[in-house]
Amino acid sequence: MPELPEVETMVRGLRPVLAGRVLRAAKVSDPFLLQDVTAEEFERRVRGATVQGVARRGKWVVFTLAGQRGIIVIQPRMTGGFWLVAPDRPDHVRLTFELDGSDQRVWFCDNRRLGRIAWYPDEEAAERAFGRSHGPDALEIGLDDLATRLKRTRRGIKPALMDQKILAGIGNIYADEVLFRAGLHPERPAHRLTIAEVRRIHAAIPEILNEAIAAEGSTFDRNYRTVLGEEGGFLGQNAVYSRKGLPCTVCGEAIVKTRIAGLIGRPTYFCPKCQRKPTRKRRKT
DNA sequence: CGGTTACCCTGGATGC
DNA sequence: TGCATCCAGGGTAACC
């Protein structure tokens with residue numbers, strides 16, 4: 001689940017606990033999640049290293065280790081998340097960090113095992129890996145850059161916004177929320193949007209994402225939690241996602257749930273009145 | 001090459 | 001209660 005706001009919330013929760021701390025040990029309990037590294041090597045690289053920084057890149061959580069000890073990358077994907085406090089070992093633990101000088105542990109849990117854990121020798125290697133599949137961060141991309149990138153694809157605007165190669169950080173929930181805020185139908189071809197429409201999207205992206213970050217993300221079906229186990233508060237502020245049949249907060253029309261091309265299996269919610277799909281001009285008969 | 005689909009996993013919710 | 005089916009915030013490989 002975690003999209004940019006949830007990952008940002010995780011990072012903000014982890015940073016004060018991990019930054020500057022020594023990792024006494026790391027234990028990989030599910031090697032299936034590892035990418036390009038064995039459990040033995042991962043644990044050896046991390047053991048005794050000091051965490052220099054905790055950051056977010058798109059939907060990635062990035063731990064920089066001091067003293068050339070490398071970079072840890074964790075992708076929570078759908079159901080991954082971190083736990084700082086738990087009375088007992090939580091369910092579905094895939095990776096555990098033990099902190100030096102205390103009993104405190106940081107758990108990475110992921111019931112569906114879709115998450116990924118990687119280690120890179122340096123910033124450059126991590127950056128190359130990120131760049132292979134990601135464009136600029138959704139909170140940093142400029143208007144002109146966004147317009148240029150959207151011009152290059154004939155897909156619908158929603159699949160385009162969710163394409164991490166175009167811009168990084170937006171997933172299924174916030175794509176719907178951004179398009180509602182911008183007043184655009186999710187199937188509008190990206191390359192045919194007017195500059196005024198792209199401008200509305202570009203303005204809506206940081207609005208929506210920052211509102212969601214302020215609320216500490218979205219918790220649906222009690223899946224996502226902050227590192228302290230709290231629910232995100234964006235539910236209740238969301239305009240369309242998961243609101244099938246409920247009245248649009250702007251016009252009162254019932255929100256529609258559908259599936260659209262390019263996003264097989266993923267639900268899409270929108271207001272059919274506020275987000276009209278332009279029809280061809282009809283000739284007078 | 002660009003766009004679309006199949007598939008990777010698992011557990012909770014829903015339906016019969 | 002038991003069992004089958006559907007569903008999910010993401011991402012990539014393979015296909016046309």
A.B. asks: Using only heavy-atom distances, decide whether a donor-acceptor pair under 3.5 angstrom links the side-chain of A:Arg112 to the base of B:dC9.
C.D. replies: yes
A.B. asks: Given B:dG11, C:dT12, C:dG9, which nucleotide is nearest the side-chain atoms of A:His92?
C.D. replies: B:dG11
A.B. asks: Are side-chain heavy atoms of A:Leu146 and A:Val198 found at a separation under 4.5 Å?
C.D. replies: yes
A.B. asks: If I pick the P atom on B:dA6 and the same atom on C:dC6, what distance separates them, to the nearest angstrom?
C.D. replies: 15 Å
A.B. asks: Identify whether any heavy atom of A:Pro159 sits under 4.0 Å from a base atom; if not, whether one sits that close to sugar-phosphate; answer base, sugar-phosphate or nothing.
C.D. replies: nothing
A.B. asks: Which of these passes side-chain hydrogen bond (donor to acceptor under 3.5 Å, both in side chains) with A:Asn172: A:Glu177, A:Lys158, A:Glu3?
C.D. replies: A:Lys158
A.B. asks: Same cluster for A:Ile72 and A:Leu99 if Ile/Leu/Val/Met/Phe/Trp/Tyr side chains link at under 4.5 Å?
C.D. replies: yes
A.B. asks: Hey, does the side chain of A:Thr153 come within less than 4.0 Å of B:dG3's phosphate (OP1/OP2), counting only N and O?
C.D. replies: yes
A.B. asks: Assess whether atom NZ of A:Lys244 is packed by more than 12 heavy atoms of other residues, nucleotides or ligands within 6.0 Å.
C.D. replies: no
A.B. asks: Give me the stems containing DNA chain B, sorted by first residue, counting only three or more consecutive Watson-Crick or G-U pairs with both distances under 3.5 Å; say none if there aren't any.
C.D. replies: B:2-8 with C:10-16, B:10-16 with C:2-8
A.B. asks: So what does A:Tyr241 touch, heavy atoms closer than 4.0 Å: a base, only the sugar-phosphate, or nothing?
C.D. replies: sugar-phosphate
A.B. asks: NA contact type, A:Arg116, heavy-atom cut-off 4.0 Å: base, sugar-phosphate, or nothing?
C.D. replies: nothing
A.B. asks: When the C1' atoms of C:dG9 and B:dG3 are compared, how many Å lie between them, rounded to an integer?
C.D. replies: 23 Å
A.B. asks: According to a strict under-4.0 Å criterion, is A:Lys165 in side-chain N/O contact with OP1 or OP2 of C:dG11?
C.D. replies: no
A.B. asks: Using the P atom on both, measure C:dC3 against B:dC9 and round to a whole Å.
C.D. replies: 25 Å
A.B. asks: Which pairs of donor and acceptor atoms, one on a side chain in residues 246-255 of chain A, lie under 3.5 Å apart (sequence neighbours left out)?
C.D. replies:
none

A.B. asks: Of the options B:dC9, C:dG9, B:dG3, whose atoms approach the side-chain atoms of A:Arg113 most closely?
C.D. replies: B:dC9
A.B. asks: Can you figure out which of B:dC9, C:dG9, B:dG3 approaches the side chain of A:Phe32 most closely?
C.D. replies: B:dC9
A.B. asks: Between A:Asp110 and A:Arg77, does a salt bridge (charged side-chain N to carboxylate O under 4.0 Å, His left out) hold up when you go through it step by step?
C.D. replies: CA-CA 9 Å; A:Asp110 180 12; A:Arg77 296 211 183 165; over 6 Å; no
A.B. asks: Quick check for you: among B:dT4, C:dG9, C:dG11, whose closest atom lies nearest to any side-chain atom of A:Gln75?
C.D. replies: C:dG11
A.B. asks: How would you label the contact of A:Gly217 with the nucleic acid (heavy atoms, under 4.0 Å): base, sugar-phosphate, or nothing?
C.D. replies: nothing
A.B. asks: Identify whether any heavy atom of A:Lys257 sits under 4.0 Å from a base atom; if not, whether one sits that close to sugar-phosphate; answer base, sugar-phosphate or nothing.
C.D. replies: sugar-phosphate
A.B. asks: Would you mind telling me which of B:dC8, C:dG11, C:dG9 lies closest to the side-chain atoms of A:Glu3?
C.D. replies: C:dG9
A.B. asks: Heavy atoms only, 4.0 Å cut-off, all strands: where does A:Arg259 land among base, sugar-phosphate and nothing?
C.D. replies: sugar-phosphate
A.B. asks: Looking only at the side chain of A:Phe220 (C-beta and beyond, no hydrogens), which of the listed nucleotides C:dG9, B:dG3, C:dT12 gets closest?
C.D. replies: C:dG9
A.B. asks: Between the side-chain atoms of A:Asn111 and the base atoms of B:dG11, is any donor-acceptor pair under 3.5 Å?
C.D. replies: no
A.B. asks: Hey, does the side chain of A:Arg94 reach the backbone of A:Phe108 with a donor-acceptor pair shorter than 3.5 angstrom?
C.D. replies: no
A.B. asks: What about A:Phe234 and A:Tyr174, are their ring centers closer than 6.0 Å?
C.D. replies: yes
